[in-house]
Amino acid sequence: MIELRAQTACDGLLPVATDECTLEEVSLGQMYQVSPFAGAWAAASDDLKKLFGVELPAAGGATQNGDVRLIWFGRETALLMGAEHAPDLKCAAVIDQSDAWASVVLRGSSAVDVLARLVPTDLRPTVFGAGATARTLVGHMSVSITRTEADAFLILVFRSMAQTLIEEITEAMEAVASRG
């Protein structure tokens, strides 16, 4: 008989570490795409504030209250993470994205240098500070990157690309570490 076993997108692949960086999988709990209907951004933001204490972020931003985080996820769209339940919003489409994404955190003093080898976005702290979010590329993969701390980045990639993402970041981590 076949025995099924639940596993994460990065199961058995992480963590990876060098002297200056670590790459780890993180669990963000349930994840919901929130897309307010035309003209309803403010109403959806107010509803989310009442439900979770967090408002919809501006383009390129993120908001957080405890474990609940909303990140900008594209035009008129945000991704809600860490909520215990799906929000019942009358003014927005809410779509469960929990199994669609692999989520990793790259942390360390060389994190910006590692990502600079892979990402066509300026992630220096003077341009991309804590709370900044971008939909961009890592190599050929579409990702979301959020700076969560001075030296930490939350990276979301389609679940099917998790292994490739890890391989590419690991290679860049090793290259940055060897230059040292």
Tell me, please, whether F153 has R107 positioned over its six-membered ring: NZ or CZ under 6.0 Å from the ring centre and within 45 degrees of its axis?
-> no
Pairwise side-chain contact, I169 with I155, heavy-atom cut-off 4.5 Å (strictly under) = yes
Using the rule that two of Ile, Leu, Val, Met, Phe, Trp, Tyr join whenever any of their side-chain heavy atoms come within less than 4.5 Å, decide whether V176 and V112 are in one cluster.
-> yes
Once you round to the nearest 0.5 Å, how far does CG of L51 lie from CG of L89?
-> 6.5 Å
L13 meets the side-chain contact (heavy atoms from CB on, under 4.5 Å) criterion, sequence neighbours left out, with Q163, I166
Could you check if a side-chain atom of F52 sits within less than 4.5 angstrom of a side-chain atom of H85, using non-hydrogen atoms only?
-> yes
Could you check S27 against T8 for side-chain contact (heavy atoms from CB on, under 4.5 Å), going step by step and ending with a plain yes or no?
-> CA-CA 9 Å; S27 174; T8 65; over 6 Å; no
Sidechain N-carboxylate O distance under 4.0 Å for D113, R124 = no
Does CD belonging to E167 count more than 12 external heavy atoms closer than 6.0 Å?
-> yes
Write down the atom of W41, the atom of P57, and the distance for their closest heavy-atom approach.
-> CZ2-O, 3.2 Å
Is a side-chain N or O of S98 found less than 3.5 angstrom from the main chain of M31, in a donor-acceptor match?
-> yes
Would you indicate whether D19, at its atom CG, is surrounded by more than 12 heavy atoms from other residues, nucleotides or ligands within a distance under 6.0 Å?
-> no
Could you tell me whether the side chain of R147 and the main chain of F128 form a donor-acceptor pair under 3.5 Å?
-> yes
T170 and E168 side chains, donor-acceptor separation under 3.5 Å = no
Determine whether D151 and E149 make a side-chain contact, defined as any pair of heavy atoms from C-beta on separated by less than 4.5 Å.
-> yes
Closest contact, heavy atoms only, E55 versus L70 | O-CD1, 3.4 Å
Between CG of L56 and NZ of K49, what distance do you get to the nearest 0.5 Å?
-> 11.5 Å
Would you kindly confirm whether V143 and M161 end up in one hydrophobic cluster when ILVMFWY residues are joined by side chain heavy atoms under 4.5 Å apart?
-> yes
Heavy-atom closest contact (A162 atom, A9 atom, distance) | CB-O, 3.6 Å
In terms of hydrophobic clustering (I, L, V, M, F, W, Y; side-chain heavy atoms under 4.5 Å; direct or indirect links), are W101 and V119 co-clustered?
-> yes
Stepwise side-chain contact (heavy atoms from CB on, under 4.5 Å) check, V104 with E24 | CA-CA 5 Å; V104 299; E24 316 177 276; over 6 Å; no
Is Y32 reachable from L28 through a run of hydrophobic residues whose side-chain heavy atoms are each under 4.5 Å from the next?
-> no
Look up atom CE in M81 and atom CD1 in I71, then write down how far apart they are to the nearest 0.5 Å.
-> 4.0 Å
Please test T148 against Q64 for side-chain contact (heavy atoms from CB on, under 4.5 Å), starting from the C-alpha separation and ending with a verdict.
-> CA-CA 10 Å; T148 56; Q64 187 167 353; 6.0 Å; no
Correct closest heavy-atom pair for L14 and L23 would be CD2-O, 3.6 Å
Are V138 and V26 in one and the same hydrophobic cluster, where Ile, Leu, Val, Met, Phe, Trp and Tyr link if side-chain heavy atoms are under 4.5 Å apart?
-> yes
With a 4.5 Å heavy-atom cut-off, do T18 and V114 have their side chains touching?
-> no
Is there a side-chain contact between S142 and R135 (heavy atoms, below 4.5 Å)?
-> yes
Considering non-hydrogen atoms only, spot the tightest contact between A175 and S178 and give its length.
-> O-OG, 3.0 Å
Quick one: are M141 and T164 in side-chain contact, heavy atoms under 4.5 Å?
-> yes
Gap separating the OG atom of S144 from the CG atom of L79, nearest 0.5 angstrom | 7.5 Å
Could you tell me whether the side chain of R179 reaches within less than 4.5 Å of the side chain of E174, counting heavy atoms only?
-> no
Atom CG of D67: over 12 foreign heavy atoms under 6.0 Å | no
Around atom CD of Q7, are there more than 12 heavy atoms of other residues, nucleotides or ligands at under 6.0 Å?
-> yes
Enter the distance from I145:CD1 to L156:CG here, rounded to the nearest 0.5 Å.
-> 9.5 Å
Taking the side chain as C-beta and beyond, is there a heavy-atom pair between L106 and M173 under 4.5 Å?
-> yes
If you measure from SG on C10 to CG on L165, what distance do you get to the nearest 0.5 Å?
-> 7.5 Å
Closest heavy-atom pair and its distance - C91, A40 | O-CB, 3.5 Å
